[in-house]
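Quick caveat, the model's predicted, so the values are computed rather than measured. Chain identifiers are assigned alphabetically (A, B, ...) following the order of the sequence lines, protein sequences preceding nucleic acid strands; residue numbering begins at 1 within each chain.
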Amino acid sequence: MATLLLAEHDNKALNGVTAKALTAATALGAPVHVLVAGQDAKAVAEAAAALSGVDKVLLADDALYAHRLAEPLAALLVSLAGGYDAIVAPSTSMTKNVLPRVAALLDVMQVSDIIKVVSPDTFERPIYAGNAIQTVQSTDAKKVITVRTASFAATGAGGSAAVEAVGAQADPGVSSFVDESLAVSDRPELTAAKIIVSGGRAVGSKEKFGEVIEPLADVLGAAVGASRAAVDAGYAPNDWQVGQTGKVVAPELYVAIGISGAIQHLAGMKDSKVIVAINKDEEAPIFQVADYGLVGDLFAIVPELKSEIAKVKG
Amino acid sequence: MKVLVPVKRVVDYNVKVRVKSDGTGVELSHVKMSMNPFDEIAVEEALRLKEAGIATEVVAVSIGPAQASETLRTALAMGADRGILVKTDATVEPLAVAKILKAVIAEEAPRLVILGKQAIDDDANQTGQMLAALLGWGQGTFASKVVIDGDAVLVTREIDGGAQTVRLALPAIVTTDLRLNEPRYASLPNIMKAKKKPIDEKSPDGYGVDVAPRLKVLTTAEPAGRKAGVKVGSVSELVAKLKDEAGVI
Ligand SMILES: Cc1cc2nc3c(=O)[nH]c(=O)nc-3n(C[C@H](O)[C@H](O)[C@H](O)COP(=O)(O)OP(=O)(O)OC[C@H]3O[C@@H](n4cnc5c(N)ncnc54)[C@H](O)[C@@H]3O)c2cc1C
Ligand SMILES: Nc1ncnc2c1ncn2[C@@H]1O[C@H](COP(=O)(O)O)[C@@H](O)[C@H]1O
């Protein structure tokens, strides 16, 4: 049979994590169909169809899927599941919400956050905040899988799959959308960024994030991340949180500023290619994973770093 | 309205777990165990609903070994009214946990179930969603705000890019995110009082649930470590290294 990949998007553009999950989906060995569920999402379906190796794109275009609420979207996925051996999705807040619901409706134990496809039924996944890696074999006839996209390279363009419309399923009628507040930013998304500049509790305020952390990110063309402590204190929005229970990232360069390096934070960034830590405490655990550590006061170091980098970049 | 709160006994979040040298799992003996931090947030939210006069009873339930009763005691000391221990020494996967919880719910008939979004041992992030599926209820996952509104609950959820609010018909499932509330500590008098609160003991068999795992764990391994790095003495040295040695800027 085939593999069904659930696309991540905002109705306008296909999110890049989809192409990363496609790499994992392709590794299962079967033809991959991509499901785009949304409203006025034709452009998204076309973008998915252009990905290399995609066999077919299913477009469920209906107001019911505008916000991808779990209940109607799970009903749609279950209605399609008969034709597939595996249902795969990039691990995002949307898919983490909907895929376990699909799995339970199919009586399947989901494999969450895989970092490697060993064979079509065997996967590696981190447990205990990444302090151990389990190799698990799924004994269920169907597989339901979320993919940790930081662990897979994106599949490139080069496909020209057909886009097929699929009808909406009945709304289970237990949930409705009320509202949404989404930040608009010119910076790259955390999960797509090649460089991430992250600030911790030591940054001290939302204003200081804007004055100290964000200018460095801007000169590097970087995304901005944060520790849980910084998010809890309101210095940074919740979806900037990097870590075990936030976003998992693996950019080319991760700059951790005023972050102690708790295991929960390391879980989200320790696979970054190059890690820089700036911390006034030379004993801070973040230095154990940092390629380059600089001990000192962030309020002195970061502005200087910003100007030096600006100079180098000309 | 009765509120049910599933609480899991897990390795304390401060413990750095070690993988057993024979690859059969992680070292769990002589390790500090605690209530899953997200479940403390769930208990707290249920208690606040009770204090607001919305919830009438808060029932904590845990599926696990005999020692999981300690986790239930913690919930009772925080203020939950009673506990249910579904005792088993088996490793119970989220799907089977959801099936057991469904059976508990058939007996208890709560209007709201508040779970953690994620257990910090298996990092599965599945149980609440699976339970909602099995019951056909609405789900408000990763909640940062929960407001009961008559026959419905408004749940504000932490999502990629910001926040989303959904309206769910009751009964419904909520899973907690970190910013929902700050859980209270149990006071000494409440810890004493909790010793007298009832804990019912049940078994997966008694509920007719097969807990045989669907995922076969082949090995558990140490993650690849990182090479020790260097400390640099100045910003200009750092920039030079990033440019010439690492080639990332
Ligand atoms: C269930 C659970 C889930 C969690 N999930 C996450 C998660 O996903 N992500 C996450 O990040 N955390 C998570 N945490 C929290 C984690 O345990 C830590 O509490 C948190 O990461 C600490 O954030 P921090 O490093 O910013 O703050 P702190 O630990 O307070 O560290 C601040 C650091 O700044 C340094 N500093 C102070 N002043 C300066 C200065 N002027 N210049 C330079 N350095 C300075 C200090 O030396 C210190 O090292 C979780 C915790 C739990 C219990
Ligand atoms: N054995 C268990 N006993 C009680 N509650 C559990 C158990 N396992 C999971 N849960 C609940 O489900 C949530 C999510 O767990 P998980 O899906 O394993 O990440 C936890 O925060 C608990 O609220």
Once you round to the nearest 0.5 Å, how far does OG1 of A/T135 lie from CG of B/L218?
-> 6.5 Å
Can you find a pair of side-chain heavy atoms, one from B/V166 and one from B/R157, that are under 4.5 Å apart?
-> yes
Sort out for me which of A/V136, A/L105, A/L294 touches chain B most, counting heavy-atom pairs under 4.5 Å.
-> A/L294
Region of A/E124 in contact with chain B, defined by heavy-atom distances below 4.5 Å | neither
Picking from B/G225, B/A246, B/A221, B/A169, which has the most non-hydrogen pairs under 4.5 angstrom with chain A?
-> B/A221
Ignoring hydrogens and angles, state whether a donor on the side chain of A/R101 or B/Q139 is under 3.5 Å from an acceptor on the partner side chain.
-> yes
Of the listed A/S175, A/G246, A/A277, A/P237, the one with the largest count of heavy-atom pairs under 4.5 Å with chain B is A/S175
Can you check whether A/M94 reaches A/V98 side chain to side chain, under 4.5 Å on heavy atoms?
-> yes
Select, from A/T92, A/T122, A/V295, A/I275, the one with the greatest count of heavy-atom pairs under 4.5 Å involving chain B.
-> A/I275
Which one of B/L95, B/L168, B/I159, B/T165 has the most heavy-atom pairs closer than 4.5 Å to chain A?
-> B/T165
A/I301 versus chain B, the contacting section by heavy-atom distance below 4.5 Å = both
May I ask you to test the B/L101-B/P6 pair for a side-chain heavy-atom distance under 4.5 Å?
-> yes
Measure distances from B/L154 to the heavy atoms of chain A and classify the residue's part below 4.5 Å as side chain, backbone, both or neither.
-> side chain
Between B/Q126, B/M130, B/E245, B/E93, which residue shows the highest count of heavy-atom pairs closer than 4.5 Å to chain A?
-> B/Q126
What part of A/V118 is in contact with chain B, defined as an atom under 4.5 angstrom from a non-hydrogen atom: side chain, backbone, both or neither?
-> neither
Answer key: most heavy-atom pairs under 4.5 Å with chain B among A/K247, A/Q288, A/K194 is A/K247
Chain A shares the most heavy-atom pairs under 4.5 Å, among B/A152, B/S144, B/S234, with B/S234
When the 4.5 angstrom heavy-atom criterion is applied to B/V153 and chain A, the contacting part is neither
Contact origin within B/R214 toward chain A - heavy atom pairs under 4.5 Å | both
With a 4.5 angstrom heavy-atom cut-off, could you sort out which part of A/A132 is near chain B: side chain, backbone, both or neither?
-> both
Is any side-chain heavy atom of B/V61 closer than 4.5 Å to a side-chain heavy atom of B/V86?
-> yes
Comparing A/E304, A/E282, A/E8, A/E308 against chain B, the one with the most heavy-atom pairs below 4.5 Å turns out to be A/E304
Can you tell if the side chain of B/V113 reaches within under 4.5 Å of the side chain of B/V5, non-hydrogen atoms only?
-> no
Hey, what do you get for CG (B/L49) to CD (B/E44), rounding to the nearest 0.5 Å?
-> 10.0 Å
Does A/K116 count as lying over the ring of A/F123, i.e. NZ or CZ under 6.0 Å from the six-ring centre, within 45 degrees of the axis?
-> no
Residue part contacting chain B, namely of A/E71, when any heavy atom lies under 4.5 Å = side chain
Non-hydrogen side-chain atoms of B/D121 and A/I127 separated by less than 4.5 Å = no
Are side-chain heavy atoms of A/P126 and A/Q134 found at a separation under 4.5 Å?
-> no
Under 4.5 Å, counting heavy-atom pairs only, tell me which of B/V19, B/V10, B/V26, B/T175 racks up the most with chain A.
-> B/V26
A/Q110, A/K313, A/K270: which one forms the most heavy-atom pairs within less than 4.5 Å of chain B?
-> A/Q110
For chain A, the option from B/V230, B/D160, B/V248, B/L242 that forms the most heavy-atom pairs under 4.5 Å = B/D160
Under 4.5 Å heavy-atom distance to chain B, tell me which part of A/I195 shows up: side chain, backbone, both or neither.
-> side chain
Below 4.5 Å from any heavy atom of chain A, which atoms of B/A98 appear? Answer side chain, backbone, both or neither.
-> neither
Pairwise side-chain contact, B/Y207 with B/E107, heavy-atom cut-off 4.5 Å (strictly under) | yes
Does any heavy atom of chain B fall under 4.5 Å from the side chain of A/E189, the backbone, both, or neither of them?
-> neither
May I ask you to decide whether A/D121 forms a salt bridge with A/K143, counting only side-chain N to carboxylate O separations under 4.0 Å?
-> no
Under a 4.5 Å heavy-atom cut-off, does chain A meet the side chain of B/F38, its backbone, both or neither?
-> side chain
Ionic contact status for A/R148 with B/D123, cut-off 4.0 Å = no
Please look at B/R179 and chain A and tell me whether the side chain, the backbone, both or neither of the residue comes under 4.5 angstrom of a heavy atom of that chain.
-> side chain
Pi-cation contact, A/Y292 with B/K241 (under 6.0 Å, within 45°) = no
